[in-house]
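One structure below.
Note that the structure is predicted; figures quoted are calculated from it, not measured. These numbers come from the heavy atoms of this one structure, side chains and all, not from hydrogens, waters or symmetry mates.
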Amino acid sequence: MRISRIVTQRIAFTLLTLVMAATMLGILAIIAYIFLKGLPALSPEFIFSMPTHGMREGGIWPAIVGTVYLTLGTAVIAVPIGLLAAVYLSEYASDSPFTRAIRIAIVNLAGIPSVVYGLFGLALFVLFLGLGSSIAAACLTLSIMTLPVIISTAEEALRSVPQAFRLVSVSMGGTRWQTVWRIVLPQALPGILTGVILGLERAAGETAPILFTGAAYFLPQLPKSIFDGTMALPYHLFVISTQVPGMPVKIQYGTALVLLIFVLAMNLVATLIRSYYRSRRQW
Amino acid sequence: MVSAPPAPKFVVENLSVQYPDGTESLRNVSLQIPPNAVTVLFGPAGGGKSTLLRTFNRLNDLVEGTRYLGKVLLDGENILSPKVDLVALRRRVGMVFAQPVPLPMTVRENMTYGLELAGESRRSKLVRSMEEGLRAAALWDEVKDRLDEPAGALSGGQQQRLCLARVLAMQPEVILMDEPTSGLDPISTAKVEDSLQTIKKKYTVVIVPHSVQQAGRLADWAGFFLQGELVEWGEGKNLFIAPKVKRTEDYVTGRFG
Ligand SMILES: Nc1ncnc2c1ncn2[C@@H]1O[C@H](COP(=O)(O)OP(=O)(O)OP(=O)(O)O)[C@@H](O)[C@H]1O
Ligand SMILES: [Mg+2]
């Protein structure tokens with residue numbers, strides 16, 4: 001006996017809904033758990049003060065500041081380079097074996113485990129260029145890790161701008177750069193920003209790339225220059241969860257919660273930007 | 001005494017155009033486009049009409065690897081020469097496409113886009129040419145209170161007249177139109193056709209019509225294209241009333257097959 005198409009469709013639909021619900025539930029459960037366990041730790045003091053007593057008391061301010069520095073530093077390096085590369089690939093480069101090789105390389109780079117970037121950063125920036133374990137070396141390493149994500153999402157966003165706009169602009173005497181600057185980039189902006197934020201989010205949350213390049217176990221004061229090392233939320237979380245005996249669970253979950261909020265807030269900003277622009281888009 | 005005919009705006013000599021895949025979409029075409037007149041290029045699909053239009057502003061160059069043979073002179077200067085400044089050429093030769101494509105900005109910004117690209121920043125000049133362009137395209141009354149709305153909010157017919165208006169605002173010398181009314185209702189079509197009668201006093205117009213009827217209505221000069229060849233070329237309505245070539249006759253009388 002054959003099952004009718006409508007029944008098949010219904011089964012498929014139900015299955016997909018169940019799978020999705022299961023996934024969502026898993027994520028929500030993790031978030032809810034961390035909120036429940038971490039919320040009691042949150043206080044202005046926890047956020048704004050230095051850790052004390054071998055980090056078993058006090059706050060996590062230097063780790064928060066460090067993560068902000070690392071994220072901003074990565075943005076400053078990776079966003080302009082990534083954007084220029086994406087504009088080059090989408091608007092200027094013709095389709096040749098060379099550009100195809102570049103694209104394949106970018107896609108593959110995006111899949112490399114972050115610890116490999118960490119080792120690469122150690123070899124190139126910390127040792128070879130002599131930057132030492134510093135914010136500069138960590139930002140450069142995070143930038144290398146983030147670039148493939150930024151380039152490929154930005155390129156996709158640029159390509160999704162209808163070709164007809166470029167044709168009209170060029171036919172009106174626009175140079176390629178004028179067309180990119182005045183038409184294509186503004187139209188692609190929401191997609192680009194989404195990619196940028198997704199990339200930076202990863203940079204903010206990763207431990208492995210900064211482990212050997214700039215993250216410090218504990219520092220008694222905030223970094224004073226980009227050549228200092230810094231504490232950072234993900235590494236701090238790793239340290240207090242595994243390296244410090246007698247660590248209060250509250251502080252561990254509090255730290256996890258702050259990191260989670262940091263990343264979720266970036267996500268929220270990306271979503272808001274996207275929906276704002278989508279509502280104004282005319283195509 | 002008869003005054004000498006005005007010098008042609010475009011002189012096309014033995015033009016062939018090849019696309020990179022080897023398609024020869026124009027073969028050995030020679031003709032002259034007179035100034036301040038409407039020249040109609042018509043014929044069945046794939047005849048090379050659009051290719052010829054896009055040769056006049058070198059828009060074919062966007063398809064990498066397109067090859068031109070022969071000459072196209074604009075006011076005596078060969079625009080196929082590698083030394084030609086394409087940006088300057090496209091400022092002189094504006095184009096209206098088949099589908100209205102308002103740029104994703106306001107009506108006003110669409111209207112000033114061309115001049116701003118050319119470096120014009122004086123507000124008074126921008127405002128003046130915007131109004132002139134909109135009036136010449138018979139759109140001013142409909143949009144004068146909607147200048148700061150997104151251009152995409154206009155109706156299809158208004159959008160297409162906006163596309164014409166923004167080209168007029170650039171004050172080019174030639175206006176190319178590739179089936180500009182193919183998506184429009186009869187009333188919008190009539191508005192565009194009417195405005196051509198005033199526009200041609202100042203500009204050279206080359207248009208690919210969307211029907212033989214439209215070709216007959218608009219033509220001061222006309223060329224019939226078939227599979228990359230210019231089959232017949234003639235003045236005014238002659239080509240439609242008394243074609244000399246059998247293939248033209250078959251086409252205009254609808255016996256084409
Ligand atoms: N980018 C391109 N690459 C390859 N061949 C092309 C390209 N554009 C057009 N052609 C070919 O060139 C020939 C002429 O095309 P063109 O668009 O100039 O014809 P047309 O007379 O405007 O036709 P239509 O009435 O359908 O618009 C056709 O055979 C077409 O397939
Ligand atoms: Mg065509």
Side-chain angles (χ1 to χ4, degrees), chain A residues 86-103 154-194 273-283, chain B residues 20 53-54 56-65 85-107 109-120 133 149-154 159 162-163 166-172 174-178:
Chain A
V87 167
Y88 171 76
L89 284 174
S90 134
E91 308 296 319
Y92 286 86
S94 53
D95 194 35
S96 68
F98 175 66
T99 52
R100 251 170 281 151
I102 290 185
R103 275 199 195 91
E155 191 192 347
E156 189 147 323
L158 291 167
R159 279 183 191 280
S160 72
V161 176
Q163 199 58 30
F165 292 157
R166 296 182 180 84
L167 199 63
V168 165
S169 175
V170 167
S171 80
M172 291 176 79
T175 62
R176 212 181 273 216
W177 175 246
Q178 284 175 320
T179 303
V180 168
W181 183 247
R182 304 186 56 137
I183 309 280
V184 183
L185 269 180
Q187 291 301 303
L189 201 61
I192 291 173
L193 284 174
T194 310
I273 291 173
R274 210 170 19 196
S275 61
Y276 171 73
Y277 278 99
R278 192 145 296 161
S279 68
R280 290 180 10 144
R281 181 147 76 192
Q282 293 164 34
W283 41 277
Chain B
L53 278 196
R54 290 195 306 253
F56 289 143
N57 64 355
R58 293 278 302 274
L59 216 54
N60 285 324
D61 293 40
L62 295 190
V63 180
E64 242 172 278
D85 175 354
L86 293 183
V87 168
L89 171 68
R90 289 169 188 151
R91 275 180 201 141
R92 294 172 67 189
V93 183
M95 186 164 206
V96 178
F97 298 86
Q99 296 299 319
V101 180
L103 292 171
M105 24 173 108
T106 63
V107 172
E109 288 162 340
N110 264 274
M111 288 303 298
T112 54
Y113 187 72
L115 282 180
E116 281 175 5
L117 290 180
E120 180 60 69
E149 283 181 33
L154 300 180
Q159 288 182 11
L162 177 67
C163 294
R166 75 182 168 201
V167 168
L168 292 170
M170 296 165 55
Q171 293 161 325
V174 181
I175 294 173
L176 310 172
M177 306 177 92
D178 196 347

Next item on the list: Measure distances from B:Val93 to the heavy atoms of chain A and classify the residue's part below 4.5 Å as side chain, backbone, both or neither.
Entry: backbone
Margin query: Let's test your reading of the structure: which of B:Gln99, B:Met95, B:Arg166, B:Arg91 forms the most heavy-atom pairs below 4.5 Å with chain A?
Written below: B:Arg166
Next item on the list: Could you grab the distance from atom CG of B:Leu86 to atom CZ of A:Arg176, nearest 0.5 Å is fine?
Entry: 11.0 Å
Notebook entry, point to check: Out of curiosity, B:Met105 CE to A:Gln187 CD, how far, rounded to the nearest 0.5 Å?
Noted result: 8.0 Å
Note to self: Tell me whether A:Glu156 at atom CD has more than 12 heavy atoms from other residues, nucleotides or ligands lying less than 6.0 Å away.
What the structure shows: no
Note to self: Return the CZ to CG distance between A:Arg166 and B:Leu62, rounded to the nearest 0.5 Å.
What the structure shows: 11.0 Å
Checklist line | Smallest separation among heavy atoms of B:Pro102 and A:Phe165, with atom names | finding: O-CE2, 3.5 Å
Checklist line | Flag side-chain contact, heavy atom, 4.5 Å: A:Arg182 against B:Leu117 | finding: yes
Next item on the list: Taking all heavy atoms of B:Gly114 and all of A:Met172, pick out the closest pair and write down the distance.
Entry: N-CE, 3.7 Å
Note to self: Between A:Ile183 and B:Tyr113, is the side-chain contact (heavy atoms from CB on, under 4.5 Å) condition met? List the steps.
What the structure shows: CA-CA 10 Å; A:Ile183 309 280; B:Tyr113 187 72; 3.3 Å; yes
Notebook entry, point to check: Considering residues, nucleotides and ligands other than A:Trp177, do more than 12 of their heavy atoms fall under 6.0 Å from its CH2?
Noted result: yes
